[in-house]
Amino acid sequence: MNASGPLCTFENELESLGQSESGAIVLKSTTMEPRTGNERPKYYENEHGSINSNGLENLGYQKYCELIPKLKQFGKPIIPSVCGFSLSEFETMVKAFDKAGADVIEINLSCPNIIGKPQVAYDFEQSEKYLSAIRSVTDKPLWVKLPPYFELIHRQEMAKLLLKNKMDGATLINSVGNSIIVDPEKGQAVIKPKQGLGGLGGHYVKPIALGNVWTFYNELKGKIPIIGAGGVYSGKDAFEFFLCGAEMVQIGTAYKHEGPGIFSRIKKELDAFLSLKKYSSINDVIGKLKVVEGEEYGFTA
Ligand code: RRO
């Protein structure tokens, strides 16, 4: 499926996703009011990936609630993504999307691009408060969109919170926040907002995403499915996420680059790779990453 972010803000983009082979329609993260987002240039892409400081450009949650019945005609899960500026905003939007017929609601606790608003998911006390309160306002499946964590203890602690608060999915990872890409010719950052700082995606972040997926998989022990994201451009990339424990993948940077045809290409590539490697089912892949034994790759004198 697509990742919440690129090409899922406007009605025509959501319809294209409906017509594509994306397994679901994931909506751009919503706020209470419509937003035009941050100043341009706020997106840049090269062969290694992307950086964005979109700034939550979206039509406001009420518009997406109205669109849900229309989007249902495509016969696939509709997954709004919610990004409030306070707990009560999260609660209001989650309740509204529940009523409007969302199939799953993704709670975005990891937007890196709002000036003066640190990512909730890096504050474990606040995250616990948000997750338990949001859990109590809906019975719909709740997925939590998380940022990359770089310490194992942080991954372990967040995994515990997801289990304790009965979350139904963990989307790993959002972009790597507060990064910079420099244009050396101009001696200038490639995007404008936040002094050039933005969220990194694409090939740049795949190993970070895989590391997060693998640790969360081992902590969650199959009790909560993982939706992998961060650098999926090909069927083999998707395969790597499945090996590390993801059950689904989302595609952001590569979808923006290639458009909605990417979903059928990646499915075909994945099927071909699974046949080549003689896997009869994706269930034989999920979480089956082998770790190196002995000294095969060790440095010896
Ligand atoms: O809109 C954005 O700037 C944005 C969001 Br909400 C997010 O979750 N992740 C990202 O890279 N950009």
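Counting convention: from 1, in listed order, for ligands and their atoms alike. Every value quoted in this text rests on a predicted model; they were computed, and no experiment measured them.
- The N/O atoms of Gly55, backbone and side chain alike, include one that comes under 3.5 Å of an N/O atom in ligand 1.
- Ion pairing between Arg35 and Glu57 fails under the 4.0 Å rule for side-chain N and carboxylate O.
- With sequence neighbours excluded, the residues forming a side chain to side chain contact (heavy atoms under 4.5 Å, CB included) with Pro260 are Ser16, Ser20, Tyr255, listed by chain and number.
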Phe216 and Leu162: side-chain contact (heavy atoms from CB on, under 4.5 Å), yes or no, with the steps? CA-CA 10 Å; Phe216 271 88; Leu162 300 180; 4.2 Å; yes
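- Contacts between Asn108 and ligand 1 below 4.0 angstrom, taking non-hydrogen atoms only, involve the side chain exclusively.
- Any N or O atom pair closer than 3.5 Å counts here, and Ser175 shares at least one such pair with ligand 1.
- Ligand 1 places these atoms under 4.0 Å from at least one heavy atom of Leu56: 1 (O), 2 (C), 3 (O), 6 (Br).
- With a 4.0 Å heavy-atom cut-off, ligand 1 is reached by no atom of Ser4.
- Of the protein's non-hydrogen atoms, the one nearest atom 5 (C) of ligand 1 is Cys111 SG, 3.4 Å.
- Residue-level proximity to ligand 1 for Asn174 is carried by the side chain, the only part with a heavy atom below 4.0 angstrom.
- In the displayed structure, Glu258 atom CD is contacted under 6.0 Å by more than 12 heavy atoms of other residues, nucleotides or ligands.
- The proximity of Asn38 to ligand 1, defined as any non-hydrogen pair under 4.0 Å, does not occur for either the backbone or the side chain.
- Within the 4.0 Å heavy-atom criterion, the part of Asn113 lying near ligand 1 is the side chain and not the backbone.
- In this structure, Arg135 pairs ionically with Asp168, as a charged nitrogen and a carboxylate oxygen lie closer than 4.0 Å.
- Rounding to the nearest 0.5 Å gives a distance of 4.0 Å between OG of Ser29 and CG of Asn108.
- Between Asn54 and ligand 1, at least one pair of N/O atoms sits closer than 3.5 Å.
- Checked against a 3.5 angstrom limit, the closest N/O atoms of Asn52 and ligand 1 fall inside it.
- Between Tyr279 and Phe239, the ring planes lie tilted relative to each other; the angle falls in the 30° to 60° range.
- Looking at Lys145 against ligand 1, nothing comes within 4.0 Å, counting heavy atoms.
- Every N/O-N/O distance between Pro112 and ligand 1 stays at or above 3.5 Å.
- Taking 4.0 Å as the cut-off, Lys42 does not count as a neighbour of ligand 1 on heavy-atom distance.
- Classification of Glu219 and Lys160 as a salt-bridged pair fails, no side-chain N sitting under 4.0 Å from a carboxylate O.
- Between Phe90 and Tyr61, the ring centre distance reaches or exceeds 6.0 Å.
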